[in-house]
Amino acid sequence: MAQLLSGKIASAAWKEKIKTDVEKRLAIGKSRPHLAAILIGNDPASSAYVRGKVRDCEEVGFESTLIHLPESASEEEVLQEVRKLNGNPSVSGYIVQLPLPKGMDDKRILLAIDPEKDVDGFHPDNVGRMALGLPTYLPATPYGVLLLMEHYGLSTEGKHAVIVGRSHIVGSPMSILLGRNGKLGNATATLTHSKTPNLAEITKQADILIAAIGKPFYIQSEHVKAGAIVIDVGINRVGEKLVGDVDFDRVEPIVSAISPVPGGVGLMTRVGLLMNTLRAADGRG
Ligand code: NDP
């Protein structure tokens with residue numbers, strides 16, 4: 001039976017470590033990390049994500065601030081909040097919850113975020129730093145995947161990692177991180193996407209297969225090699241249920257380790273954000 005890469009177990013362990021780090025900081029007179037979030041409108045999924053992030057902050061001893069703007073807020077009003085947070089020394093880092101309401105220029109808002117406080121790691125300055133291996137905030141989801149693997153003592157060095165999906169927030173940074181010369185890197189990373197012919201031929205070569213596609217149950221048993229490690233980033237709603245990009249029931253019997261959905265990478269993404277905020281409390285470096 002495959003080892004279950006549980007985001008519940010791994011995130012609880014990482015949060016305990018972060019909590020201890022916060023206590024140590026406070027004991028030597030350092031500041032309490034402070035995460036702020038701007039939420040615009042009432043999208044239920046976005047509201048739930050932000051509530052989860054605020055709860056995480058409470059759990060680990062961070063301060064948190066939620067700035068909730070109405071759906072009708074103008075781009076200028078959002079930018080004003082961004083500027084206020086940039087100039088507020090008590091805020092270590094902040095996020096602007098995506099997606100933004102229709103018509104808002106998300107690039108303009110992203111570029112207005114002070115890269116030193118961009119704990120989502122989406123600002124081009126931080127993406128560039130990641131690519132160059134300079135101190136930065138790693139994008140929370142790929143960072144969370146690395147933290148999940150670290151928790152379970154999985155090594156990536158010398159392995160063939162195949163990533164399916166090349167989005168700017170998941171697949172592309174995942175391939176950079178796994179391929180770079182560093183901790184939980186040194187894999188041979190292959191990045192695939194919707195224009196990749198004969199996908200299964202490539203995924204079947206993977207020692208580590210990471211699915212970030214956004215299509216329920218897309219990865220089937222014929223896509224995986226026996227004994228592979230499979231990490232499912234996908235979160236798809238099918239009826240009332242949340243399911244991954246991997247057909248868990250079919251794939252699990254073949255592989256050596258697999259992350260479930262829900263209870264997998266989603267929880268680790270939240271840990272990635274906490275780790276970035278902890279770092280931000282001392283400056284990005
Ligand atoms: P995007 O829609 O931005 O990207 C999807 C990627 O999958 C694209 O690169 C696309 O290729 C590729 N793709 C689509 N169909 C195929 C196919 N048939 N074969 C190969 N590649 C394909 O999605 P995201 O990266 O934002 O998210 C992916 C999934 O991860 C979603 O389910 C999302 O909900 C989930 N997610 C989960 C998070 C978590 O915390 N667990 C965080 C963020 C996302 P192309 O570029 O050619 O179009």
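It should be emphasised that the depicted structure is a prediction, and the values quoted were computed from it without experimental measurement. Every number for a ligand or one of its atoms is a count from 1 in the order of the listing. Position 1 is the first residue of the sequence; numbering continues from there. Heavy-atom basis, side chains included; hydrogens, waters and symmetry copies ignored.
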Heavy atom of [X] under 4.0 Å from ligand 1?
X: Thr196; result: no
X: Asn236; result: yes
X: Gly266; result: yes

Next item on the list: Could you grab the distance from atom OG of Ser47 to atom CG of Asn42, nearest 0.5 Å is fine?
Entry: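 Here the rounded value is 6.0 Å.
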Considering heavy atoms of the protein only, find what lies nearest to [atom] and give residue, atom and distance to 0.1 Å.
atom: atom 42 (C) of ligand 1; result: Thr141 OG1, 3.2 Å
atom: atom 26 (O) of ligand 1; result: Ile169 CD1, 3.8 Å
atom: atom 45 (P) of ligand 1; result: Ser194 OG, 3.4 Å
atom: atom 4 (O) of ligand 1; result: Ser167 CB, 3.8 Å
atom: atom 36 (N) of ligand 1; result: Val233 O, 3.7 Å
atom: atom 12 (C) of ligand 1; result: Gly165 CA, 3.8 Å
atom: atom 39 (C) of ligand 1; result: Thr269 OG1, 3.6 Å
atom: atom 43 (C) of ligand 1; result: Val170 CG2, 3.8 Å

Margin query: Given 3.5 Å as the limit, does a donor-acceptor pair link the side chain of Lys117 with the main chain of Asn88, or not?
Written below: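 Looks like yes, one N/O pair under 3.5 Å.
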Check: Any idea which of Arg166, Arg270, His193 brings a heavy atom closest to atom 9 (O) of ligand 1?
Finding: Arg166
Counting only heavy atoms, which portion of [X] has something under 4.0 Å from ligand 1: side chain, backbone, both, or neither?
X: Ile213; answer: both
X: Lys215; answer: side chain
X: Ile235; answer: both

Can you tell me if [atom1] on [X] sees more than 12 non-hydrogen neighbours from other groups inside 6.0 Å?
X: Lys225; atom1: NZ; answer: yes
X: Arg180; atom1: CZ; answer: yes
X: His68; atom1: NE2; answer: yes

Under a 4.0 Å N-O cut-off, is there an ion pair linking [X] with [Y]?
X: Asp118; Y: Arg129; answer: no
X: Glu58; Y: Arg55; answer: no
X: Glu222; Y: Arg250; answer: no
X: Lys30; Y: Asp282; answer: yes
X: Asp21; Y: Arg25; answer: no

Notebook entry, point to check: With respect to Ile38, which candidate in Val50, Leu85, Ile95, Leu66 satisfies the side chain to side chain contact (heavy atoms under 4.5 Å, CB included) definition?
Noted result: Leu85
Would you mind running through ligand 1 and noting each atom that sits below 4.0 Å from a heavy atom of [X]?
X: Ala212; result: 5 (C), 6 (C), 7 (O), 28 (C)
X: Val164; result: 20 (C), 21 (N)
X: Gly214; result: 28 (C), 29 (C), 31 (C), 32 (O)

